[in-house]
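The analysis underlying the following values was restricted to heavy atoms, covering all of them including side chains, and did not include hydrogens, waters or symmetry mates.
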Amino acid sequence: MKRARRRSGGLFGRWLRRGLVLALLWLAGVAAWIVWVGQRDEARPADVIIVLGAAAYDAKPSPVFEERLRHGVALYRRGLAPRLLLTGGYGGTGARFSESQVGRRYALREGVPDEAILIESISRNTRQNLQEARRLMAEHELHRAIVVSDPLHMARALRISRELGIDAAGSPTPTSRFRSFATRWRFLLQEIYFFHRDRFAEAR
């Protein structure tokens, strides 16, 4: 009897170890995919450049948002699209400006004409950013987009774009503020979490 219990406990332990190894391999694969997508710049001629929102400090973009705006403006100057679409709502109850309004001020200072800028000011997260971007694209008969965000955010942004039916190519910021090992690792863990959370939500 004891021998049978030991055998059964040993079998359970082996299966548990195998399960842990498979789980770690899966997580490593997801992480590698997120990193790989974020290293690919697929910018191509399009109708609009969508810059995903990030935090703003009153009238000033956060360092993360500024790098996204800088890259979006650079793509516009290269002539890859005639329109900039800036996303992001109000970050808090006391905010005077939405993220997209702050982005618009930045783009105007960089010489982008007002008529080339579209904004939405109600979104609060990545999915809403892209839902509002899709609405504006439909209103203005824009069909192809370049999506700008941080490298580790790009896989999720492109996946959501596909789910929403946006014909999008990704162009990650080459100067992301997430440079240190600690900040990049935290960002990567966050994106791995969102990958599985979104998959679970789809399955329900």
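When atom types are taken as modelled, the side chain of Ser100 and the backbone of Gly88 share a donor-acceptor pair closer than 3.5 angstrom. A donor-acceptor contact shorter than 3.5 Å is absent between the side chain of Arg104 and the backbone of Ile119. Checked by atom type and distance alone, the side chain of Thr87 never pairs as donor or acceptor with a backbone atom of Asn129 at under 3.5 Å. Using a distance-only test at 3.5 Å, with no hydrogens or angles considered, a donor-acceptor pair links the side chain of Arg68 to the main chain of Gly53. Although no hydrogens or angles enter the test, the distance criterion places a donor-acceptor pair under 3.5 Å between the side chain of Asn125 and the main chain of Arg127. Remark: the backbone N or O of Arg44 is not paired with any side-chain donor or acceptor of Glu42 at under 3.5 angstrom.
Heavy atoms from other residues, nucleotides or ligands lying under 6.0 Å from CD of Glu139 number more than 12.
Note on Tyr90 and Leu86: separate hydrophobic clusters, where clusters join Ile, Leu, Val, Met, Phe, Trp and Tyr whose side-chain heavy atoms are under 4.5 Å apart, directly or indirectly. Under the 4.5 Å side-chain contact rule for hydrophobic residues, Ile166 and Ile122 do not share a cluster. Note on Tyr57: it does not cluster hydrophobically with Val64, by side-chain heavy-atom contacts below 4.5 Å among ILVMFWY residues. Connection of Leu69 to Val102 is not established within any shared hydrophobic cluster, with ILVMFWY side chains joined at heavy-atom distances below 4.5 Å, either directly or through further cluster members.
Atom CG of Leu142 sits about 6.5 Å away from atom CG of Leu118, to the nearest 0.5 Å. Atom CD of Glu110 and atom CG of Leu108 lie 10.0 Å apart (nearest 0.5 Å). With rounding to the nearest 0.5 Å, the separation of CZ in Arg134 from CD in Glu120 is 12.5 Å. To the nearest 0.5 angstrom, Leu85 atom CG is 9.0 Å from Arg135 atom CZ. One distance of note links OG of Ser98 with CZ of Arg124; it measures 11.0 Å at 0.5 Å rounding. The distance from atom OG of Ser62 to atom CD of Glu99, rounded to the nearest 0.5 Å, is 7.5 Å.
Side-chain contact between Arg105 and Arg109 is present, with heavy atoms from C-beta onward closer than 4.5 Å. Two residues are said to be in side-chain contact when any heavy atoms from C-beta on lie closer than 4.5 Å; Gln128 and Gln131 meet this criterion. Looking only at side-chain heavy atoms (C-beta outward), Ser149 and Thr173 stay at 4.5 Å or farther from each other. In this structure, Leu52 and Leu130 have side chains that are in contact, with non-hydrogen atoms separated by less than 4.5 Å. Side-chain contact between Arg96 and Asp58 is present, with heavy atoms from C-beta onward closer than 4.5 Å. At a threshold of 4.5 Å between non-hydrogen side-chain atoms, the residues Met154 and Arg40 do not count as touching.
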Decide side-chain contact (heavy atoms from CB on, under 4.5 Å) for Glu191 and His153; before the verdict, give the C-alpha distance in whole Å, the side-chain angles of both, and the deciding distance to 0.1 Å. CA-CA 7 Å; Glu191 291 304 313; His153 188 224; 3.7 Å; yes

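Taking each heavy atom of Phe65 and Val51 in turn, the nearest pair found is CE1-CG1, 4.2 Å. Heavy-atom minimum distance, Leu75 versus Ile146: CD1-CG2, 3.9 Å. Across all non-hydrogen atoms, the minimal contact from Pro172 to Gly38 is CG-O, 3.2 Å. For the pair Leu158 and Gly170, the tightest heavy-atom approach, listed with the atom from each and the gap, is CD2-N, 3.7 Å. The two atoms that bring Val73 and Leu84 nearest to each other are CG2-CD1, 4.1 Å, heavy atoms only. Smallest separation of non-hydrogen atoms from Pro61 and Tyr106: CG-CD1, 4.4 Å.
By the 4.0 Å N-to-carboxylate-O rule, Arg83 lies too far from Asp47 to be salt-bridged with it.
Ring orientation note: the planes of Trp26 and His196 are nearly perpendicular, at an angle over 60° on the 30°/60° scale.
Tyr76 pairs in a side-chain contact (heavy atoms from CB on, under 4.5 Å) with only one of the listed residues (Val48, Ile117, Val112), which is Val112.
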